[in-house]
Amino acid sequence: ILNTSNTLKRVDFSLCEVGNEVVKALSNCFNLVDLQLQGKSSVTDMAHYYDIFLNCLKLKRIGLNGIALTDKHIMPLALNENGNHHPIHTLLLGGCEEVSDDSILNLISYHGASLRMLNLRGTSITGETALRLITKCKRLQLLDISECLNVPQFYITKLRSELPSCLINLANVDKSAMFVKCTINP
């Protein structure tokens with residue numbers, strides 16, 4: 001990784017167990033566009049994730065499903081006051097149980113207009129976050145809110161009607177359907 005840090009654009013460790021050294025090295029890959037670190041991790045110094053998001057300003061696709069991140073680690077994605085971050089199109093935070101509803105609201109406020117795919121499976125999002133998705137994420141094509149038990153039925157109904165071009169995964173949220181398929185508008 002260190003030898004190619006200036007040219008590396010895509011990294012997929014979703015089927016690998018990564019450790020501190022790998023994640024630390026990724027924070028120096030300033031041209032990263034696509035980062036997939038989903039799944040198993042033996043990272044003990046979670047601050048390296050913070051460094052990745054602080055330094056890798058070109059990221060457009062970020063896959064972190066199942067990584068034990070907290071609000072502190074993802075803060076640079078939501079609090080970039082300089083506007084240096086490129087718009088994020090894909091954000092996968094499924095199973096990131098320690099990322100709060102407030103942090104997700106901040107991420108949606110900052111990146112909502114560009115988001116096409118959002119995985120919040122098993123997070124603590126609430127109805128307020130669902131409403132923010134409706135107003136901020138008009139280009140959303142795929143949304144996974146399965147296992148999000150704090151989203152009342154009223155908000156699910158609103159999501160269905162207000163985001164008609166979005167495929168929404170509602171497993172273990174809405175007992176009537178696992179997926180709601182809608183037409184995708186260009």
Side-chain angles (χ1 to χ4, degrees), residues 1-112 114-125 129 137 140-149 167 169 171-172:
I1 292 175
L2 292 175
N3 294 336
T4 60
S5 63
N6 288 332
T7 58
L8 197 60
K9 293 187 181 213
R10 289 177 178 77
V11 172
D12 187 343
F13 287 125
S14 57
L15 298 176
C16 306
E17 184 170 343
V18 296
N20 289 326
E21 293 304 314
V22 170
V23 176
K24 181 178 180 181
L26 288 172
S27 68
N28 294 313
C29 298
F30 306 114
N31 289 311
L32 268 182
V33 175
D34 188 347
L35 176 63
Q36 304 298 318
L37 292 173
Q38 306 171 68
K40 296 179 76 171
S41 172
S42 60
V43 175
T44 56
D45 188 351
M46 301 302 282
H48 296 313
Y49 288 104
Y50 178 94
D51 294 338
I52 289 172
F53 303 136
L54 189 65
N55 296 333
C56 301
L57 302 178
K58 295 181 180 181
L59 283 170
K60 292 183 182 211
R61 290 174 295 282
I62 303 170
L64 301 167
N65 289 336
I67 303 292
L69 298 173
T70 66
D71 295 343
K72 177 183 174 185
H73 304 121
I74 64 166
M75 188 180 351
L77 293 175
L79 299 176
N80 190 337
E81 63 276 351
N82 299 326
N84 293 335
H85 250 290
H86 286 245
I88 294 173
H89 298 283
T90 302
L91 184 58
L92 309 177
L93 295 173
C96 296
E97 297 169 355
E98 299 298 317
V99 175
S100 73
D101 195 50
D102 287 338
S103 286
I104 293 169
L105 282 169
N106 286 334
L107 288 168
I108 290 169
S109 293
Y110 191 79
H111 295 288
S114 63
L115 278 174
R116 306 285 191 289
M117 183 184 300
L118 181 60
N119 182 339
L120 299 174
R121 176 189 44 81
T123 62
S124 61
I125 67 162
T129 303
C137 302
L140 207 56
Q141 296 173 351
L142 181 63
L143 171 63
D144 186 343
I145 56 169
S146 59
E147 302 175 26
C148 294
L149 305 177
L167 179 65
N169 183 352
N172 297 325

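For clarity, every value in this text was computed on a predicted model and none was experimentally measured. This chain uses plain numbering: 1 for the first residue, then up along the sequence.
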Trainee: Going by salt bridge (Lys or Arg N to Asp or Glu O under 4.0 Å), name the residues that satisfy it together with R116, two or more places apart in sequence or in a different chain.
Mentor: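 Salt bridge (Lys or Arg N to Asp or Glu O under 4.0 Å) list for R116, sorted by chain: empty.
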Trainee: Give, for atom CG of L35 and atom NZ of K60, the distance between the pair rounded to the nearest 0.5 Å.
Mentor: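 One gets 15.0 Å once the value is rounded to the nearest 0.5 Å.
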Trainee: With E97, which residues qualify under side-chain contact (heavy atoms from CB on, under 4.5 Å), at least two apart?
Mentor: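 Once residues adjacent in sequence are excluded, E97 has no partner under the side-chain contact (heavy atoms from CB on, under 4.5 Å) criterion.
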Trainee: Using the side-chain contact (heavy atoms from CB on, under 4.5 Å) rule, take K9 and K58 through it: C-alpha gap first, then chi angles, then the decisive distance, then the call.
Mentor: CA-CA 9 Å; K9 293 187 181 213; K58 295 181 180 181; over 6 Å; no
Trainee: Suppose we screen for salt bridge (Lys or Arg N to Asp or Glu O under 4.0 Å). Which residues come up paired with D71, at least two apart in sequence or across chains?
Mentor: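 If we apply the salt bridge (Lys or Arg N to Asp or Glu O under 4.0 Å) test to D71, skipping adjacent residues, there are no hits.
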Trainee: Kindly compute the distance separating CG (N106) from OG (S100), expressed to the nearest 0.5 Å.
Mentor: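 The OG atom of S100 is 8.0 Å from CG of N106, to the nearest 0.5 Å.
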Trainee: Hey, could you give me the OG/CD1 distance between S103 and I74, rounded to the nearest 0.5 Å?
Mentor: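 The distance works out to 4.5 Å.
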Trainee: Nearest 0.5 angstrom please: I62 CD1 to Y49 OH, how far?
Mentor: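 Rounded to the nearest 0.5 Å, the CD1-OH separation comes out at 12.5 Å.
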Trainee: Taking only residues two or more places apart in sequence, or in another chain, which ones meet T123 in a side chain to side chain donor-acceptor pair (under 3.5 Å)?
Mentor: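 Partners of T123 under the side chain to side chain donor-acceptor pair (under 3.5 Å) test: none.
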Trainee: For S14 and D12, test the side chains for any donor-to-acceptor distance below 3.5 angstrom and give the result as yes or no.
Mentor: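 Indeed, the side chains of S14 and D12 share at least one donor-acceptor pair under 3.5 Å.
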Trainee: Any donor and acceptor pair, going by atom type alone, linking the side chain of H111 with main-chain N or O of L77 inside 3.5 Å?
Mentor: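 Checking the backbone N and O of L77 against the side chain of H111, a donor-acceptor pair under 3.5 Å is found.
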Trainee: Do side-chain atoms of N20 reach the backbone of T44 as a donor and acceptor pair under 3.5 angstrom?
Mentor: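 Yes, because the side chain of N20 sits within donor-acceptor range (under 3.5 Å) of the backbone of T44.
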Trainee: Just by modelled atom types, is the S146 backbone N or O under 3.5 Å from a matching donor or acceptor in the N169 side chain?
Mentor: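 The answer is no, because no donor-acceptor pair under 3.5 Å joins these two groups.
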Trainee: Is the number of heavy atoms from other residues, nucleotides or ligands under 6.0 Å of E98 CD greater than 12?
Mentor: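 Open.
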Trainee: Sequence neighbours excluded, which residues qualify as side chain to side chain donor-acceptor pair (under 3.5 Å) partners of D101?
Mentor: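 So D101 forms a side chain to side chain donor-acceptor pair (under 3.5 Å) with T126, T129.
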Trainee: Taking all non-hydrogen atoms of both residues into account, name the closest pair between C29 and C56 and its distance.
Mentor: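 What the structure gives for the nearest pair is O-SG, 3.2 Å.
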Trainee: Looking at every heavy atom in both Q36 and R61, which two are closest together, and how far apart are they?
Mentor: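 What the structure gives for the nearest pair is NE2-O, 4.0 Å.
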Trainee: Checking side chain to side chain contact (heavy atoms under 4.5 Å, CB included) against L142, which of N119, L167, L115 comes through?
Mentor: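 For L142, the side chain to side chain contact (heavy atoms under 4.5 Å, CB included) check succeeds only for L167.
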Trainee: Any salt bridge (Lys or Arg N to Asp or Glu O under 4.0 Å) involving residues 44-55? Give me the pairs, sequence neighbours left out, ordered by first then second residue.
Mentor: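 Qualifying pairs, neighbours excluded: none.
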Trainee: I need the D34 CG to H89 NE2 distance, nearest 0.5 Å.
Mentor: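 Separation between the atoms: 11.0 Å.
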Trainee: For F13 and L26, work out which heavy atoms get closest and say how close.
Mentor: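 Smallest heavy-atom distance, with atoms named: CE1-CD1, 4.3 Å.
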Trainee: Got a sec, which residues hit side chain to side chain donor-acceptor pair (under 3.5 Å) with T90, two or more places apart in sequence or on another chain?
Mentor: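 Residues passing side chain to side chain donor-acceptor pair (under 3.5 Å) with T90: none at all.
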Trainee: Could you list the residues that satisfy side-chain contact (heavy atoms from CB on, under 4.5 Å) with L149, not counting sequence neighbours?
Mentor: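 Per chain and number, L149 pairs via side-chain contact (heavy atoms from CB on, under 4.5 Å) with no residue.
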Trainee: The test is side-chain contact (heavy atoms from CB on, under 4.5 Å); show your working for M46 and I67 and say whether it passes.
Mentor: CA-CA 10 Å; M46 301 302 282; I67 303 292; 4.1 Å; yes
Trainee: Determine the minimum heavy-atom distance between C148 and G122, stating which atoms define it.
Mentor: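 Smallest interatomic distance, heavy atoms only, reads SG-N, 3.7 Å.
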Trainee: Among side-chain atoms of N65 and Q38, is any donor-acceptor pair under 3.5 angstrom?
Mentor: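 Yes, a side-chain donor-acceptor pair sits under 3.5 Å.
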Trainee: Yes or no on side-chain contact (heavy atoms from CB on, under 4.5 Å) for L64 and V99, after CA distance, side-chain angles and deciding distance?
Mentor: CA-CA 11 Å; L64 301 167; V99 175; over 6 Å; no
Trainee: Atom CD1 of I52 and atom NZ of K24: how far apart are they, to the nearest 0.5 Å?
Mentor: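 So the gap between those two atoms works out to 12.5 Å.
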Trainee: Start with the C-alpha distance between C137 and I108, add both sets of side-chain angles, then the distance that settles side-chain contact (heavy atoms from CB on, under 4.5 Å), and finish with yes or no.
Mentor: CA-CA 7 Å; C137 302; I108 290 169; 3.8 Å; yes
Trainee: Return the set of residues passing side chain to side chain donor-acceptor pair (under 3.5 Å) with S114 (not counting sequence neighbours), or none when no residue passes.
Mentor: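 S114 satisfies side chain to side chain donor-acceptor pair (under 3.5 Å) with no other residue.
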Trainee: Do F30 and L57 have side chains that approach each other closer than 4.5 Å (heavy atoms only, starting at C-beta)?
Mentor: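 Contact flag for F30/L57 side chains = no.
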